[in-house]
Amino acid sequence: MTLVHGGNVYELASRSGCSPEDIVDFSASINPLGPPRGLNELISRYFCRLQHYPDINNRLLIDSLSGLHEIPSECIVPGNGSTELIYWLPKALGIGRVLAVMPTFSEYCKAFELQGVDVHKLVCSADNFFQPTVAQLEEAVDQFRPEAILLTHPGSPSGSLLSNEVIDWVASNSNEGIKFIVDEVFIDFCEEKSLKRLLGTCSGLVLIRSLTKFYGMPGLRVGYILSSASLAGDIRRFVPPWSVNTLAQAAGAYCMHQEDYRRKTLEVVARERQKIHEQLSEMPGLSVFPGEANYLLVKLDRRLPSSEVLKRDLFESGLMLIRNCGSFEGLDDFYFRVAVRLPQQNEKLLEGIRSWMEGHSHLLSS
């Protein structure tokens, strides 16, 4: 199974004869500020520890996560990025049937299917910003009787949050034998909306988190799970020893104490996301979905060329890379996603899209 992901600048640079640094990557939704200031010096200080095995218990990282989230350490399971943890979940939780709410990160269904899990899909519509309603969930549960339900909060690639009604429904059903796996890898951009507040009362809740997106360090691979102590213990038994390397442990712990960085990130992303949303919405032929993370989902009028054509043209004209969302189940080639980047980069993207739209404006009057 070959899956499409954003951020593959190395392959694209190789094919195009340019450097990866020359590409302005709007396809991967990573903090535009880059890693927190001082992280490179910290990694240099820890370099001498590479002659030893990493701490097998991840104590420094877990203690820092516990302090930030005010969650007991026994409820935290770190891993080599959230994707590694996704692949261990089916076995660790003993899942045989899962209801996957789509669209979502494609690795979930691949991980489930590789473990022989029976996957049923609930494909959501644009009418509800690609998130489910309570009625849809109840109907799917009655029909498929899943042992687990996969949700994404905020949605990927829509950026929309689960409704309060759905969250209340999850809280009411999480102690009834159904496990709820909730992808929260972008929730740092709206942390106050995290379902972690339910962990004390919802025994079947599993939250998947990542340091990749918000802290701008996908190359280090640090993810973690928040859950009940019981489920966390089940998951921990399946994660290989030394899964998180020494540098990643130190970097993750360091990030948990960067309050100024977090505040500045939220300010920049909120301001630039609003600017991109407003300016794209003003362009005839584009429909922009409301987003709470560091990216926006956009739909092209079907009289226009597809988003794959837009992606190609933006890259050829300015080495700008957007994400064609046709690979997300439930979407097609007339949807694309753009990450929020720095002001000058965002202006360049908006100018490129505006020029492309103007060049095809005659199609909208036909």
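Numbers here are sequence positions counted from 1. Note that these values count all heavy atoms, side chains included, but never hydrogens, waters or copies made by symmetry. Note that the structure is a prediction, hence the values are computed from the model and not measured.
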Flag the pair W169 / E138 as yes when at least one side-chain heavy-atom distance between them is below 4.5 Å, and no otherwise.
yes
Below 30° counts as parallel, above 60° as perpendicular, anything between as tilted: where do the rings of Y108 and F105 land?
perpendicular
Answer yes or no: is there an ion pair linking D332 with R302, defined by an N-O contact shorter than 4.0 Å?
yes
Minimum heavy-atom distance P157-L297, with the two atoms named:
O-CB, 3.5 Å
Can you measure from OG1 (T246) to CG (L61) and round to the nearest 0.5 angstrom?
11.5 Å
With the side chain counted from C-beta on, respond yes when F315 and L12 share a heavy-atom pair under 4.5 Å apart, and no when they do not.
yes
Could you state whether V298 and L364 fall into the same hydrophobic cluster, counting links through intermediate Ile, Leu, Val, Met, Phe, Trp or Tyr residues with side-chain heavy atoms under 4.5 angstrom apart?
yes
Tell me whether R97 at atom CZ has more than 12 heavy atoms from other residues, nucleotides or ligands lying less than 6.0 Å away.
yes
Are more than 12 heavy atoms from other residues, nucleotides or ligands located less than 6.0 Å from atom NZ of K348?
yes
For atom CD of E351, is the number of surrounding heavy atoms from other residues, nucleotides or ligands below 6.0 Å larger than 12?
no
When rounded to the nearest 0.5 angstrom, what distance separates SG in C124 from CD in E329?
11.5 Å
Within the side chain of N294, is there an N or O that forms a donor-acceptor pair under 3.5 Å with the backbone of S29?
yes
Is there a donor-acceptor pair closer than 3.5 Å between any side-chain N or O of E84 and the backbone N or O of G81?
no
Any L211 side-chain heavy atom under 4.5 Å of M256 side chain
yes
Has Q279 got a side-chain atom pairing as donor or acceptor with L350's backbone, closer than 3.5 angstrom?
no
Ring centres of Y335 and F130 under 6.0 Å apart?
yes
Look at atom CD of E191 and say whether more than 12 heavy atoms of other residues, nucleotides or ligands are closer to it than 6.0 Å.
yes
So for atom CD, which belongs to E259, do other residues, nucleotides or ligands contribute more than 12 heavy atoms lying within a distance under 6.0 Å?
yes
Main chain of G352, side chain of S355: is a donor-acceptor contact present, judged purely on distance under 3.5 Å?
no
Check whether N346 reaches the backbone of R341 with its side chain - one donor and one acceptor, N or O, closer than 3.5 Å.
yes
Step by step, work out the side-chain hydrogen bond (donor to acceptor under 3.5 Å, both in side chains) result for Y87 and E107.
CA-CA 8 Å; Y87 274 78; E107 296 292 342; 2.3 Å; yes
Taking N80's backbone N and O only, do any of them form a donor-acceptor pair with S243's side chain (distance below 3.5 Å, no angle check)?
yes
Is there a side-chain contact between F289 and K299 in this structure, where contact means two heavy atoms from C-beta onward sitting under 4.5 Å apart?
yes
Expected output: side-chain E113 to main-chain V119 donor-acceptor under 3.5 Å:
no
With rounding to the nearest 0.5 Å, note down the distance linking CD1 in I71 to OG in S66.
8.0 Å
H153 vs F180, ring pair (Phe, Tyr, Trp, His ring centres under 6.0 Å): CA-CA, chis, key distance, verdict
CA-CA 12 Å; H153 178 69; F180 287 89; over 10 Å; no
Shortest non-hydrogen contact from L122 to P132?
CD2-CB, 4.1 Å
Counting only heavy atoms not in R49 (residues, nucleotides, ligands), do more than 12 fall under 6.0 Å from its CZ?
no
Heavy-atom closest pair (G204 atom, N175 atom, distance to 0.1 Å) is N-OD1, 4.3 Å
With side-chain hydrogen bond (donor to acceptor under 3.5 Å, both in side chains) as the criterion, how do S19 and E21 come out once you've worked through the C-alpha distance, each side chain's angles and the decisive distance to 0.1 Å?
CA-CA 5 Å; S19 168; E21 287 72 27; 2.5 Å; yes
Can you tell me how far CZ of R303 sits from CZ of F334, rounded to the nearest 0.5 angstrom?
11.5 Å
Could you check whether any side-chain heavy atom of R221 comes within less than 4.5 Å of a side-chain heavy atom of T83, counting everything from C-beta outward?
yes
Any heavy-atom pair between the side chains of L319 and V24 that's under 4.5 Å?
no
How long is the gap from CG on L321 to OG on S27, to the nearest 0.5 Å?
4.0 Å
Atom pair CD1/CG of I225 and L89 - distance to nearest 0.5 Å
4.0 Å
Measuring only between side-chain heavy atoms, which start at C-beta, is L199 closer than 4.5 Å to C75?
no
side-chain hydrogen bond (donor to acceptor under 3.5 Å, both in side chains) for T133 and N128? Distances and angles first, verdict last.
CA-CA 8 Å; T133 64; N128 202 46; 5.8 Å; no
Does a side-chain heavy-atom distance below 4.5 Å link S327 with S106?
no
Of all the heavy-atom pairs spanning A293 and R273, show the shortest one and how long it is.
O-NH1, 2.6 Å
Could you check whether the rings of Y215 and Y261 sit parallel, tilted or perpendicular, using 30° and 60° as the cut-offs?
parallel
